[in-house]
Amino acid sequence: MDRESVRNRVPVKGGGVSPKHGVTDEDFQSPQWAAVAVFTATVISAFGIVYVASLLADPTKPEQSLPYITAAIPFFFLQMAVEFIVIKVAEIDKYNAAASYNFDWTFSAVTAGVIQQMFSKLILTPWAKGALYIYIYEHTAHISMYRPAMASHWELALLFVGVDFSYYWYHRCAHTNALLWLGHSVHHDSEIYNLSTALGQGVIQAATSWMFDLWLALFFPPRAFLTCRAVNTLYQFWLHTCVIRRLGFLEHIFSTPSHHRVHHDRRVHKNFGGIFIVWDKLFGSFLDEDAGYSVEAVSGSPDRQMERHPRGEEKCKFGNKRRTESLGCAVLQLDEALALGQRVWRAWQRHGLRAAAKACVIGPGFYTAGLRKRAALPATSTLPRFRLRSVRTNKKHDLSTVHLHVHTLCAYAFAGIVLADKVSATKTLLGYALWTIAACVSLGYYMDGGGTGLLVERTRCFGAAGVSGYLLLSQRESVQGSWLQTAFITVFCAVHLVSAIAMTVASTRFMRTVIRS
């Protein structure tokens with residue numbers, strides 16, 4: 001059926017479409033080739049991650065687990081590129097705005113993941129992560145009733161199930177407890193739902209989630225545990241897509257994109273399983289995507305006009321119940337902490353200490369996670385899909401979009417240097433990490449719009465040009481550093497100096513405005 005016939009359809013009550021030419025909803029499904037393409041990229045990436053992890057392994061330390069997460073980073077971006085191309089070619093974003101790669105939320109999610117990985121590499125892994133697990137494992141051999149040798153697939157499968165069981169309870173508690181929600185809320189900030197959303201991980205979550213795994217140290221060796229934990233994390237990446245819809249009988253056993261879309265709906269807190277959905281069915285926190293929703297057929301929305309389409313808009317409304325007020329604050333991962341502080345203060349002022357303590361305990365999913373009677377949602381919703389968007393002010397002669405893309409790549413390049421162990425000096429490594437965070441925070445506030453954000457970003461560019469210029473002069477005098485390092489610093493200096501001057505001379509072309517709804 002051609003596009004003109006799609007435009008001639010009109011939405012009807014209950015989410016269906018009344019065709020003028022006798023065609024029903026079943027005639028329009030998400031292109032099967034699109035789902036196959038994204039799923040194929042996932043499978044190929046899985047094999048690639050295993051191969052690259054084996055190459056990155058340190059042969060002098062065979063007791064360490066393979067670096068699966070580090071090996072997966074380029075494959076994350078490969079899968080995102082495939083999904084982006086598929087969405088554009090299949091025109092999925094024409095009728096499903098939630099699937100689109102909106103720069104604001106893509107930047108926020110990817111940046112959160114970058115900061116979390118640098119925190120884990122520079123602070124958590126060397127000082128804390130795994131140390132307590134190893135200590136418990138080594139000092140409880142005399143009381144443990146079962147210590148598998150991990151020589152068979154059955155023993156590995158048992159650990160695999162145990163890791164997912166622990167993750168389910170951490171995940172559920174992170175939604176029902178306000179303090180744990182501080183870390184996990186970062187993952188739910190994004191109001192779009194594609195593979196970039198999976199990268200939004202909180203620093204506080206990385207520092208707290210491992211505590212739920214400590215009971216496994218009574219039985220299973222650290223290397224096997226870390227391997228299963230990494231696989232559990234990597235599995236969940238592909239769940240964050242609107243392209244893949246339903247997967248038949250697999251929906252009864254495993255967590256799928258359909259189940260996880262429900263999980264990311266800001267109106268409910270369900271479906272907490274990492275790999276297996278059976279935990280949710282056992283403990284009353286399961287909600288099926290079709291059972292809990294009705295399709296909302298949409299001819300347009302207040303924030304983005306879309307063509308009429310018989311499948312309608314995405315059923316779920318993604319993001320946090322609390323609206324994100326600032327992209328800069330979201331990058332700093334402080335927005336939920338500030339909101340919790342305000343709730344606790346108001347409860348203290350109005351009802352005293354007991355109410356304040358209750359506000360610290362009760363998270364957003366406290367009343368919905370395990371209550372079946374609150375599972376279903378209304379057939380239609382007037383909630384806006386996007387409640388915070390950063391748009392260019394000068395639409396004809398805009399330079400802000402180019403500036404954001406160029407400087408985001410510069411910031412991520414520094415993050416790549418940190419994560420790839422390309423710098424041996426600890427002080428230099430920390431300097432690169434702090435610069436990456438500062439650049440991302442500045443870009444976040446720049447996207448918040450207004451003169452203040454522009455001033456902050458312009459000041460950062462002048463500062464970066466000055467520091468890199470000083471480094472070039474110092475390097476020239478001492479005759480140190482390779483030509484590649486010199487070229488990198490030269491390009492970095494030039495990009496920031498040109499940007500700073502351009503933002504001073506033509507400031508109106510760099511202005512942005514934030515739209516809240």
Side-chain angles (χ1 to χ4, degrees), residues 15 29-32 34-35 38-39 42 79-80 83-84 86-87 90 92-93 95-102 105-106 109 168 171-172 174-175 184-185 187-200 235-248 250-277 279-281 285-298 301 309 311-321 364-365 368-369 374-381 383-387:
Q29 298 295 331
S30 181
Q32 188 174 7
V38 173
F39 187 78
T42 300
Q79 290 172 259
M80 288 164 58
E83 185 189 38
F84 176 81
V86 165
I87 289 172
I92 294 174
D93 56 343
Y95 62 87
N96 190 351
S100 62
Y101 273 80
N102 176 299
W105 294 114
T106 302
Y168 168 82
H171 201 182
R172 180 164 174 165
H175 280 256
H184 189 61
S185 64
H187 182 60
H188 286 263
D189 277 343
S190 180
E191 296 183 350
I192 58 175
Y193 193 78
N194 51 46
L195 293 177
S196 71
T197 306
L199 300 182
Y235 175 89
Q236 296 176 53
F237 179 78
W238 78 285
L239 302 180
H240 299 79
T241 181
C242 291
V243 178
I244 300 174
R245 305 310 296 182
R246 306 287 285 190
L247 293 174
L250 295 177
E251 303 277 342
H252 300 292
I253 305 170
F254 298 101
S255 291
T256 65
S258 174
H259 298 326
H260 209 64
R261 281 192 293 270
V262 175
H263 173 73
H264 273 260
D265 193 313
R266 62 180 179 254
R267 298 168 292 180
V268 296
H269 295 266
K270 299 282 188 179
N271 301 357
F272 304 109
I275 294 179
F276 301 109
I277 200 64
W279 309 123
D280 292 281
K281 295 183 177 181
S285 56
F286 175 71
L287 176 61
D288 187 82
E289 187 174 28
D290 290 338
Y293 299 84
S294 295
V295 176
E296 298 170 29
V298 179
S301 64
H309 192 280
R311 290 195 63 238
E313 175 60 295
E314 185 66 50
K315 304 171 186 180
C316 304
K317 296 295 179 71
F318 303 114
N320 277 325
K321 184 178 181 181
T368 64
R374 298 190 62 170
L377 291 170
T380 59
S381 172
L383 292 175
R385 177 161 298 284
F386 300 119
R387 297 168 295 173

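Both backbone and side-chain heavy atoms feed into the values below; hydrogens, waters and symmetry mates do not.
Rounded to the nearest 0.5 angstrom, S258 OG and I244 CD1 are separated by 11.5 Å. Note: K317 NZ to R266 CZ = 6.5 Å, rounded to the nearest 0.5 Å. The CD atom of E289 sits 5.0 Å away from atom SG of C316, with the distance rounded to the nearest 0.5 Å.
Listed for the H259 side chain is a donor-acceptor partner under 3.5 Å among the backbone atoms of E251. Panel note: side chain K270, backbone D265; no donor-acceptor pair is recorded below 3.5 Å. Remark: side-chain polar atoms of T197 are paired, donor with acceptor, to backbone N or O of I192 under 3.5 angstrom. Of the possible donor and acceptor atoms, none in the side chain of N271 sits under 3.5 Å from a partner among the backbone N and O of H260.
Under the rule for a ring-ring contact (aromatic ring centres under 6.0 Å, His included), the partners of F318 that lie at least two apart in sequence or sit in another chain are Y193. Every residue two or more places apart in sequence or in another chain that forms a salt bridge (Lys or Arg N to Asp or Glu O under 4.0 Å) with E191 is listed here: R387. Taking T241 as the reference, E83 meet the side-chain hydrogen bond (donor to acceptor under 3.5 Å, both in side chains) condition, with sequence neighbours excluded. Listed by chain and number, the residues in a side-chain hydrogen bond (donor to acceptor under 3.5 Å, both in side chains) with H184 are H171, H175, H188, Q205 (sequence neighbours excluded). Not counting sequence neighbours, the partners of N320 by the side-chain hydrogen bond (donor to acceptor under 3.5 Å, both in side chains) test are D189. By the side-chain hydrogen bond (donor to acceptor under 3.5 Å, both in side chains) test, W105 pairs with no residue at all, sequence neighbours left out.
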Between L287 and H263, is the side-chain contact (heavy atoms from CB on, under 4.5 Å) condition met? List the steps. CA-CA 9 Å; L287 176 61; H263 173 73; over 6 Å; no
Criterion salt bridge (charged side-chain N to carboxylate O under 4.0 Å, His left out) on D288 and K281, from CA distance to verdict: CA-CA 10 Å; D288 187 82; K281 295 183 177 181; over 6 Å; no
For Y168 and D280, run side-chain contact (heavy atoms from CB on, under 4.5 Å): C-alpha distance rounded to whole Å, both residues' side-chain angles, the deciding distance at 0.1 Å, then the answer. CA-CA 8 Å; Y168 168 82; D280 292 281; 3.3 Å; yes
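In summary, the side chains of N194 and S196 do present a donor paired with an acceptor at a separation below 3.5 Å, with no hydrogens or angles considered. In this structure, a donor-acceptor pair under 3.5 Å is absent between the side chains of Y235 and S255.
F84 CZ: 12 or fewer foreign heavy atoms inside a 6.0 Å radius.
With contacts defined as side-chain heavy-atom distances shorter than 4.5 Å, the pair P257/R245 does not qualify. When side chains are defined from C-beta on, D93 does not count as touching Y101, because their heavy atoms never get closer than 4.5 Å.
A side-chain contact (heavy atoms from CB on, under 4.5 Å) with F254 is found for one member of I277, I275, L239 and no other, namely I275.
Closest approach of C242 to A99, counting heavy atoms only: CB-CB, 3.8 Å. Annotation for Q236 and G274: closest pair CG-O, 3.6 Å, computed over non-hydrogen atoms. What you find for A97 and F386 is that their closest heavy atoms are O-CZ, 3.6 Å. For V243 against A35, the heavy-atom pair with the smallest separation is CG1-N, 3.7 Å.
Annotation: F286 is not in aromatic contact with W279 [ring centroid separation under 6.0 Å not met]. Ring-centre distance between H187 and H240: below the 6.0 Å cut-off.
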